[in-house]
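Please read the structure below before turning to the comments.
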Amino acid sequence: MAHWLMKSEPEEFSIDDLAARGREPWTGVRNYQARNFMRDDMRVGDGVFFYHSNCAVPGIVGIARVASAAYPDPTQFDPQSDYFDPKSTPAAPRWQMVDVAFERKLPRTISLDELRRHAEALGDFPLLARGNRLSVLPVSDAQWKTILALA
DNA sequence: GCCAACGTTGGC
DNA sequence: GCCAACGTTGGC
């Protein structure tokens, strides 16, 4: 079973929003590397760290699960959507996504700052890499355990 | 709001 | 196929 970290801006969609909805299509990923992780490597049941980005205290706030195989993100075909991609067509969709299901909220936020303080234990963790901007990234078994133990 | 990092676009 | 310009991400 693989593990992942997925970023969301809490003003757009927070862990509380996911808790309220139960399950949510992960729309709006427009980065090929992130898409490829969802399309090629994610499996139903994989664990996901839900990360709040672009906010007062960025960090991991909860646990979710991959709840579907990848399928085309409908927002790419919708001219009204912020995520509309005029170069994409239903016959040849560019962007894929998965559904994500709420599992639990962590008792407290494991902040980016705290994660940095455990950089050594976390080893090669892409979230902590300089200039990292990926919104979907892999988490190793060891990293998953290390981070869960912090909560 | 600033700006560093970095991905994408498009002219050549 | 190079690379400058531009847009976006996301921490601060």
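Labels below follow one simple rule: chain letters A, B, ... track the order of the sequence lines, proteins then strands, and each chain is numbered from 1. Just so it is clear, the structure is predicted and the values come from calculations on it, not from any experiment.
In terms of the side chain to side chain contact (heavy atoms under 4.5 Å, CB included) criterion, residue partners of A:V57 (sequence neighbours excluded) are, by chain and number, A:T109, A:S111. Checked against salt bridge (charged side-chain N to carboxylate O under 4.0 Å, His left out), A:D46 has no partners two or more places apart in sequence or in another chain. Evaluation of the side chain to side chain contact (heavy atoms under 4.5 Å, CB included) rule for A:R23 yields A:A67, A:S68, A:D99 as partners, not counting sequence neighbours. Not a single ring-ring contact (aromatic ring centres under 6.0 Å, His included) links A:F102 to another residue, sequence neighbours left out.
Along DNA chain B, the nucleotide closest to A:R133 and the one closest to A:K87 are compared, and the more 5′ of them pairs with A:R133. Both A:Y32 and A:N54 lie close to DNA chain B; mapped to their nearest nucleotides by heavy-atom distance, the more 5′-ward contact belongs to A:N54.
Taking the 5' to 3' direction, DNA chain C first and last meets chain A under 4.0 angstrom from a heavy atom at C:dG7 to C:dC12.
Note: A:F49 and A:W144 have parallel aromatic rings, judged against thresholds of 30 and 60 degrees for the angle between ring planes.
A side-chain hydrogen bond (donor to acceptor under 3.5 Å, both in side chains) check over residues 49-60 of chain A, counting only residues at least two apart or in different chains, returns the pairs A:E9-A:N54. For residues 56-84 of chain A, the set of pairs meeting the salt bridge (charged side-chain N to carboxylate O under 4.0 Å, His left out) definition, not counting sequence neighbours, comprises A:R30-A:D73, A:R65-A:E103. Applying the salt bridge (charged side-chain N to carboxylate O under 4.0 Å, His left out) test to residues at least two apart or on different chains, none of the pairs has a partner in residues 134-144 of chain A.
Within residues 109-120 of chain A, the residues approaching DNA chain C are A:L112, A:R116, by heavy-atom distance under 4.0 Å. Scanning residues 124-132 of chain A for heavy-atom distances under 4.0 Å to DNA chain B yields A:R130, A:G131.
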Could you list the donor-acceptor pairs under 3.5 angstrom formed by side chains in residues 85-93 of chain A, with sequence neighbours left out?
residue: A:D85; atom: OD1; partner: A:K87; partner atom: N; Å: 2.9
residue: A:D85; atom: OD2; partner: A:W95; partner atom: NE1; Å: 2.8
residue: A:S88; atom: OG; partner: A:Q76; partner atom: OE1; Å: 2.7
residue: A:S88; atom: OG; partner: A:R94; partner atom: N; Å: 3.0
residue: A:T89; atom: OG1; partner: A:A92; partner atom: N; Å: 3.0

Show which side-chain atoms of residues 116-128 of chain A pair as donor or acceptor with protein atoms under 3.5 Å away, not counting sequence neighbours.
residue: A:R117; atom: NH2; partner: A:D113; partner atom: OD2; Å: 3.2
residue: A:H118; atom: ND1; partner: A:E114; partner atom: O; Å: 3.0

